[in-house]
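Accompanying notes for the structure given below.
Quick note on labels: first sequence line is chain A, next is B, and so on, each numbered from 1.
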Amino acid sequence: MIDIKLIRENPELVKENIRKKFQDEKLVLVDEVKALDEEYRALRTKADELRSQRNAISKQIGALMGQGKKEEAEQIKAEVKKIGEQIEECELEEPKLEEKIRERMLVIPNIIDASVPIGKDDSENVEIEQFGTKRTFDYEIPYHTDIMESLNGIDLDSARKTSGNGFYYLTGDIARLHSAILAYARDYMVGKGFTYCIPPFMIRSEVVTGVMSFKEMENMMYKIEGEDLYLIGTSEHSMIGRFIDTINDENKLPMTLTSYSPCFRKEVGAHGIEERGVYRIHQFEKQEMIVICKPEESMDWYNKMWRYSVDLFLSMNIPVRTLECCSGDLADLKVKSCDVEAWSPRQQKYFEVCSCSNLGDAQSRRLKIRVKGENGNYLPHTLNNTVVAPPRMLIAFLENNYNEDGTIDIPEVLQPYMGGQKKIVKK
RNA sequence: GAAGAAGUACUCAAGUGGUUGAAGAGGUGGCCCUGCUAAGGCCAUAGGUCGGCUUGUCUGGCGCGAGGGUUCAAAUCCCUCCUUCUUCGCCA
C-alpha cells in the first residue's frame, strides 16, 4: 500500500510503476483515487466545520441549563439538531468514500525498486547467481517419496485415509531428519543474531484480513468452526500481526526474528504440479525470518537475508541459485523479491525453496506499524524470508545426498541433531 | 467453560450526561534554591491520527479497551465484542 500523498503529488510516477508491472487496467485507479480523495477531503472539511459548530453551541446549552434558562436552551437545541442532521448526512457519505479509496489503494501496487528487472510474468524472472557445485551422479535418482519409502520414512497411504490428499506421516530417521533440519536452521539464525520466536498458530479474522486480501484468505486459510480463528498459512501472519497498530521504539530496531510454526494451506486452485509427493501439501513446517528496520537499511537486510538462506543450503550440500522476480511477477506489496531455488539432480532443474521479500513501508502503512524516532514517527520497512521449509526442502536434500546403495549422507552440520549419525540406511 | 469485578495518559488514579479545555499524585525532563547531598519551590508532560490554509509558538475533527446505539451534548446511559484480575471447573 503506497502513500496516498504520492498520488496527490506525483500520479505519473505511480502510473509509470503500474505500466512497468503490466497492469495497465489499474491505471484508471490512480485518477479515480485522486478525484475521490479530493471529494473526501472536501466533505471531511465540511463535516469538521459542522462538528466544530455543534460542539460550540452544545456547550452554550450546557451553560444555559446551568443558569436555569431552560427556554433559551430549548431554542438553541432545535438549531443544533439541524446541524446534527447535516452532520449525519456527511457521516453517511464519509465511510463510503473512505472505502472506495481504500479498496483502490489496496490494489495499486507498491513502487518497485529501480533494480527490478522488467518482465511480464514468472517466465521472465532472472537468474542472478548459482551457488555450490553440482554433484555428478552416474546412477538414477529415484523420486523423493520413493526414497523416503525405501527408508521406511513416509506413509502417504495412511495419511490419505486419516486426513486426505496433501498430508503425510513422516517416520523414523526421515522424521528425525525433518526435525533436525528445523533445529539446525533455528540455531543457525540465532547465530546470526536473530531472536527465536514461537508464535500462535491460530489468529483472529481481524488479523487475517489485515495481512492478506479476501481472495487470498479464501484460497489459503482454514477456519476453525464456531470460533473466530484461522490456522496460519505461514508464521509471518502471526509474527507481523503482533505489530499491528503499534508504535515501536527506534532503539529496538532492527528487530530480527526467526520463527517456527506449522503452516496450513488449502492450496485451492493448485493442481497438476508435483501433486504426488510432498512438494505442495496442506500442512508443513517452516522456519522463517522477519526483519523490521529503518527504511535506509532495508536493502542491506534484503541482501543479507537471501544470502543466509543460500549459505544454509550450501552447508547441507545442496546447490542453489537465486532467481529474481521480474516486475510483472512481483506481488503488489513488494519492492523487490527473489527466490532461492534448490537443485534437483533428478529433474535436472532448480525449484523454489525460499522466498525473500522487501516490502518497503507498504506493509507498515497498511498495518499501522510505526516507529517513534527523534524527529517524529515514521513507517519502518519490513522484510521476510524463508529459512527453511523441511518437507519441500527434503526433496532437494535427499536427492543431493543420495548414494547409489540407497543410503543418504547426513552433512556434518546436521549430525549433532541426528545423534551423531552420519548416514541414513535401510533398517 | 461458569460466576463476579475491572479497563482513563509513562504509572497510579478522580470522574453517574453539560466550566473536563480529562482533576490530582507519582515518575520523567527543564529551571530555581544549595558549598555538596537530602529536602523544598516553579514550569512542562495526550500521545496518536485525519484534515484546513494564512505553513504558524496556527487552526479544526476524532480520541477515556474496540465497535455500534441513545442524546442538542457521552469517559459517564444502552448493546456486542476483546482483555485483565478473583473464585470455581477442566487440562498437557
Any-strand Watson-Crick or G-U partner of B:G48, both distances under 3.5 Å: B:C62
Span that lies between the C1' atom of B:G7 and that of B:C64, in whole angstrom: 10 Å
Electrostatic pair A:D228-A:K223, nearest N-O below 4.0 angstrom: no
salt_bridge(A:D409, A:K422) N-O dist < 4.0 Å: no
Span that lies between the P atom of B:U54 and that of B:U49, in whole angstrom: 25 Å
Sugar-phosphate only, base, or nothing, as touched by A:I247 at under 4.0 Å among non-hydrogen atoms: sugar-phosphate
Interatomic distance, A:E227 CD vs B:G1 C1' [rounded to whole Å]: 11 Å
For atom CZ of A:R365 and atom P of B:U49, their distance in whole Å: 13 Å
Closest-nucleotide 5' rank along RNA chain B - winner of A:K5 and A:K372: A:K372
Summary of protein contacts for nucleotides 60-66 of chain B, nucleotide by nucleotide, where a base hit scores B, a sugar-phosphate-only hit scores S (4.0 Å, heavy atoms): BBS----
Base paired to B:U11 (Watson-Crick or G-U; both N/O distances under 3.5 angstrom): B:A25
Salt-bridge contact A:D329-A:K120 (side-chain N to carboxylate O under 4.0 Å): no
Check ion pair A:E218-A:K215 (N to O, under 4.0 angstrom): no
Distance-only side-chain donor-acceptor flag, A:D332 / A:Q23, under 3.5 Å: yes
Nearest-neighbour nucleotide for the A:S58 side chain, B:G52, B:G48, B:C72 considered: B:C72
Nearest-nucleotide pick for A:N377, side chain only, options being B:G48, B:G51, B:C82: B:G48
Assigned partner base of B:A74, Watson-Crick or wobble definition, under 3.5 Å: none
Base paired to B:G67 (Watson-Crick or G-U; both N/O distances under 3.5 angstrom): B:C79
Interatomic distance, A:K82 NZ vs B:U71 P [rounded to whole Å]: 18 Å
Under 3.5 Å on both distances, the Watson-Crick or G-U partner of B:U84: B:A5
G-U wobble or Watson-Crick pairing nucleotide for B:G17 (cut-off 3.5 Å, both distances): none
Among B:C50, B:G52, B:C72, the nucleotide that comes nearest once only the side chain of A:K77 is considered: B:C72
5' precedence on RNA chain B between A:G84 and A:R370 (nearest-nucleotide basis): A:R370
Euclidean distance for P, B:G17 against B:A13 (whole angstrom): 23 Å
A:S150 side chain to A:K426 side chain, donor-acceptor N/O pair below 3.5 angstrom: no
Separation of atom CD in A:E85 from atom P in B:A73, rounded to whole Å: 11 Å
B:A38 - base-pair partner by Watson-Crick or wobble geometry, distances under 3.5 Å: none
Expected output: side-chain A:D339 to main-chain A:E341 donor-acceptor under 3.5 Å: no
Integer-rounded Å distance: B:G51 P and A:L50 CG: 19 Å
Touch class at under 4.0 angstrom, heavy-atom based, for A:R8 against every strand present: sugar-phosphate
Ring geometry between A:H282 and A:F167 (parallel below 30°, tilted from 30 to 60°, perpendicular above 60°): tilted
Interatomic distance, A:E79 CD vs B:A73 P [rounded to whole Å]: 14 Å
Aromatic plane relationship, A:Y184 with A:Y417 - under 30° parallel, 30 to 60° tilted, over 60° perpendicular: tilted
Nearest-angstrom distance, C1' atom, B:A2 to B:C10: 36 Å
Nucleotide nearest A:K81 (side chain, heavy atoms from C-beta), chosen from B:C50, B:C72, B:G48: B:C72
